[in-house]
Amino acid sequence: MTEDLYTLPEGLPVPLDDGACDHLPGTKLPDLELMSTDGPLRLSDLGGRAVVYLYPRAGRPGVPMLPGWDSIPGARGCTPQACAFRDHAAELRELGASLVAVSAQSLDDQLEFVERNRLPFPIVADPELRLGAALRLPTFEIGGLTLYRRVTLVALDGTVAKVFYPVFPPDRNAAEVGAYLYAHA
């Protein structure tokens, strides 16, 4: 039986704030050009309000999840989070924010994910974890892979103004970001 990628199961372990993102407020987005589903994207060029959310790994229908995935606090929920951002994308644009997602997966994986879920925003493929190195972002390891922990950054004119970490449950993150942007309009 294939896992339901669109629904969060009950009883997932809740991630705890380990302080791994405490240094981020006030940090400039790095001058990195990374490949995205929309072509090359330079994070430092994201002007005005920008939402950059990082997620571990999107699942694919018919492909089993990594062993132990649901036991890692905060790992499960990439597809529900992305679909929630899709559903809130117009609202975030109305609040003056651009939206970008980042994962350590390959560009081919990101392109499939965007197409399957009709995502109206670019997803950056960062398999070398270059953004993570530049910003000292938290990661975890599973099955020989190093993946990003779930983090959402709100930047104003290229500087991180708000950090959502840990993000749980992930399917509510887009609404939380929208509420933050509305309150700080």
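Residues take their numbers from the sequence shown, with the count starting at 1.
Between A134 and L32, the shortest heavy-atom contact is CB-CD1, 4.2 Å. Residues C21 and V151 approach most closely at SG-CG2, 3.8 Å, considering heavy atoms. When all heavy atoms are compared, the tightest approach of G19 to D17 is N-OD1, 2.8 Å. Across all non-hydrogen atoms, the minimal contact from N117 to R86 is O-NH1, 2.9 Å. Residues L8 and G77 come closest through the heavy atom pair CD2-CA, 3.4 Å. In terms of heavy-atom proximity, Y180 sits nearest to A161 at OH-O, 4.0 Å.
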Steps toward side chain to side chain contact (heavy atoms under 4.5 Å, CB included) verdict (R116, R60): CA-CA 9 Å; R116 175 170 33 94; R60 272 193 182 198; 4.1 Å; yes
CA sep, side-chain torsions, deciding dist, call: R76, M65, side chain to side chain contact (heavy atoms under 4.5 Å, CB included): CA-CA 10 Å; R76 180 74 178 261; M65 291 186 191; 3.2 Å; yes
Chi angles and distances behind the side chain to side chain contact (heavy atoms under 4.5 Å, CB included) call for L34, L41: CA-CA 5 Å; L34 299 166; L41 189 142; 5.8 Å; no
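A side-chain donor-acceptor contact under 3.5 Å links R150 to the backbone of G74. Between the side chain of T159 and the backbone N or O of K28, no donor-acceptor pair lies under 3.5 Å. Of the possible donor and acceptor atoms, one in the side chain of D157 sits under 3.5 Å from a partner among the backbone N and O of G48. Judged by distance alone, with hydrogens and angles left aside, the side-chain atoms of R57 form no donor-acceptor pair with the main-chain N or O of L147 at under 3.5 Å.
D31 CG to L43 CG: the interatomic distance, rounded to the nearest 0.5 Å, is 9.0 Å. For the atom pair CD (Q105) and CG (L145), the distance works out to 9.0 Å, reported to the nearest 0.5 Å. Here the CD1-CG distance, from I123 to L99, works out to 9.0 Å after rounding to the nearest 0.5 Å. Interatomic distance, CG of L54 versus CZ of R149, reported as 13.0 Å (0.5 Å rounding). S36 OG to L111 CG: the interatomic distance, rounded to the nearest 0.5 Å, is 8.5 Å. In this structure, the separation between CG on D87 and CG on L92 is 11.0 Å, given to the nearest 0.5 Å.
In terms of hydrophobic clustering, with Ile, Leu, Val, Met, Phe, Trp and Tyr side chains grouped at heavy-atom distances under 4.5 Å, V177 and V160 are assigned to different clusters. Side-chain heavy atoms closer than 4.5 Å link hydrophobic residues (I, L, V, M, F, W, Y) into clusters, and following such links, possibly through other members, connects L29 to V163. Residues Y55 and F140 do not share a hydrophobic cluster, defined by chaining ILVMFWY side chains whose heavy atoms lie under 4.5 Å apart.
Within the 4.5 Å cutoff, the side chain of L181 has heavy atoms near those of the V51 side chain. At a threshold of 4.5 Å between non-hydrogen side-chain atoms, the residues F164 and V154 count as touching. Side-chain contact between Y165 and L153 is absent, with no heavy-atom pair separated by less than 4.5 Å. You'll find the side chain of L131 stays beyond 4.5 Å of the side chain of V124, heavy atoms only. Inter-residue side-chain proximity for M35 and P40 is flagged as met; some heavy-atom pair is nearer than 4.5 Å. Counting heavy atoms from C-beta outward, L137 and T139 have side chains that stay 4.5 Å or more apart. At a threshold of 4.5 Å between non-hydrogen side-chain atoms, the residues T152 and Q81 count as touching. Here the side chains of P170 and C78 are not in contact, with every heavy-atom distance at 4.5 Å or above.
With no hydrogens or angles considered, no side-chain donor-acceptor pair links D171 and Y6 at under 3.5 Å.
Applying the ring pair (Phe, Tyr, Trp, His ring centres under 6.0 Å) rule to F168 yields no partners; only residues at least two apart in sequence or on another chain are considered.
Judged as a side-chain hydrogen bond (donor to acceptor under 3.5 Å, both in side chains), the pairs with a partner in residues 118-130 (not counting sequence neighbours) are, in order, D126-Y148.
Ring pair F85/Y53 is parallel by interplanar angle, where below 30° counts as parallel and above 60° as perpendicular.
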